[in-house]
Peer 1: 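This is the structure I want to talk about, given as structure tokens.
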Amino acid sequence: MKIDLTGKSALVTGSTRGIGRAIAGTLAACGAKVAVVGRDKAKADAVSAELKDSRGFACDVAVPADVLKLVEDVEKEFGAIDILVNNAGITKDNLMLRLKDEDWDTVLDSNLRSAFLAIRAASRGMMKRRWGRIVNISSVVGLMGNKGQTNYAASKAGLIGLTKSVAKELASRNILCNAIAPGFIETDMTAAMAEEARTALMAQIPLARLGTPADIAWTTAFLCSEYASYITGQVLVVDGGLVM
Ligand code: NAI
């Protein structure tokens with residue numbers, strides 16, 4: 001079994017580092033042309049230069065006009081967007097009672113509205129071509145909730161509702177939409193965690209390790225492949241067994 005995405009064009013948001021970068025690399029290794037996207041064009045170009053048939057694009061996904069322009073630019077450059085991975089995401093943590101309105105808005109705009117806008121724009125071409133794969137990177141926190149992350153958890157749970165609704169609306173056009181809910185993955189986002197918190201967390205993970213960006217990247221590649229052609233509207237939890 002080999003995942004072959006030759007001839008497909010993929011757009012991965014937030015792909016200059018971490019999980020997004022691993023997804024971009026894996027999709028490219030499977031043969032897809034990949035649009036590497038970051039807020040900083042130079043960084044996106046540097047990552048794309050390492051990948052075959054790939055291009056760098058600048059986009060702040062929290063800015064609606066940027067997202068629409070990104071979809072337009074990638075379609076112009078590649079001729080199509082067959083695969084859309086909504087990966088860009090941020091945290092702005094605080095206990096609910098102390099959470100500022102602006103931190104609620106920034107997280108919802110960056111993590112959830114961005115995905116809606118990208119899906120609405122990119123799905124038009126997918127509908128015409130009768131083929132599409134959309135993967136939204138949610139989180140186990142969207143399933144379990146988490147103290148200090150009301151905004152982030154709401155955005156990630158929102159992505160799950162978005163995923164299921166899009167899956168129902170677009171299934172007749174052969175467009176599949178799924179979410180991945182990663183557990184704790186070794187990236188810059190989790191590097192800041194205190195040693196004590198890390199040890200406590202590890203005790204709750206049956207596989208007794210944090211995940212790697214590659215764990216999420218291969219799950220994404222699978223969901224974009226022909227092997228997953230009967231899977232839509234699902235949330236694939238990739239967390240070492242933390243949530244079951
Ligand atoms: P990261 O912080 O290392 O990377 C996030 C990427 O998104 C960066 O390239 C960043 O520049 C980009 N980004 C953030 N806001 C952006 C914006 N407004 N416009 C354009 N790009 C933007 O994070 P990581 O860990 O790689 O996370 C990737 C996704 O996976 C996020 O959606 C995160 O919520 C999710 N996730 C991560 C987990 C983890 O344990 N690391 C667990 C569950 C979900």
Side-chain angles (χ1 to χ4, degrees), residues 11-26 34-48 56-71 73-74 84-93 102-103 105-118 135-146 149 151-160 162-163 179-193 197-198 201-202 204-205 209-217 219-220 235-240 242-243:
L11 189 171
V12 184
T13 65
S15 42
T16 53
R17 67 176 201 212
I19 293 171
R21 185 177 183 151
I23 293 172
T26 302
V34 181
V36 174
V37 187
R39 271 170 292 198
D40 181 343
K41 172 88 164 77
K43 272 192 199 151
D45 285 341
V47 172
S48 76
F57 295 85
C59 172
D60 181 344
V61 299
V63 178
D66 263 33
V67 179
L68 304 185
K69 180 155 188 325
L70 171 70
V71 169
D73 289 349
V74 176
L84 168 66
V85 182
N86 288 304
N87 164 79
I90 55 162
T91 53
K92 287 212 178 281
D93 298 349
E102 69 204 62
D103 288 345
D105 289 342
T106 311
V107 168
L108 268 289
D109 291 352
S110 306
N111 298 4
L112 181 57
R113 184 181 65 188
S114 59
F116 158 65
L117 293 173
V135 178
N136 296 318
I137 305 301
S138 176
S139 167
V140 289
V141 165
L143 299 168
M144 305 159 72
N146 200 19
Q149 290 198 311
N151 50 355
Y152 182 76
S155 74
K156 294 300 184 181
L159 276 177
I160 293 174
L162 174 69
T163 298
I180 296 174
F184 288 85
I185 310 298
E186 295 268 16
T187 66
D188 293 348
M189 198 180 254
T190 45
M193 203 186 274
R198 189 176 278 257
L201 178 68
M202 212 77 95
Q204 294 175 52
I205 302 174
R209 67 167 175 91
L210 296 197
T212 65
D215 290 323
I216 307 306
T219 308
T220 306
V235 184
L236 235 167
V237 181
V238 182
D239 68 346
L242 178 65
V243 181

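All ligand and atom numbering here is 1-based and tracks the order in the structure.
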Peer 1: With a 4.5 Å heavy-atom cut-off, do Ile137 and Ile216 have their side chains touching?
Peer 2: yes

Peer 1: Between atom CD1 of Ile19 and atom OG1 of Thr220, what is the distance when rounded to the nearest 0.5 Å?
Peer 2: 8.5 Å

Peer 1: May I ask you to test the Asp66-Leu70 pair for a side-chain heavy-atom distance under 4.5 Å?
Peer 2: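 Contact flag for Asp66/Leu70 side chains = no.
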
Peer 1: Does the side chain of Thr106 come under 3.5 Å of the side chain of Asp109 through a donor N or O and an acceptor N or O?
Peer 2: no

Peer 1: So which residues, sorted by chain and number, lie with a heavy atom under 4.0 Å of ligand 1?
Peer 2: Gly14, Thr16, Arg17, Gly18, Ile19, Arg39, Cys59, Asp60, Val61, Ala62, Asn87, Ala88, Gly89, Ile90, Ile137, Ser138, Ser139, Tyr152, Lys156, Pro182, Gly183, Phe184, Ile185, Thr187, Asp188, Met189, Thr190

Peer 1: Would you sort out whether Leu108 and Arg113 count as a side chain to side chain contact (heavy atoms under 4.5 Å, CB included), showing the intermediate values?
Peer 2: CA-CA 6 Å; Leu108 268 289; Arg113 184 181 65 188; over 6 Å; no

Peer 1: Indicate yes or no for a side-chain donor-acceptor contact from Thr13 to the backbone of Asn87 under 3.5 Å, with no hydrogens or angles considered.
Peer 2: yes

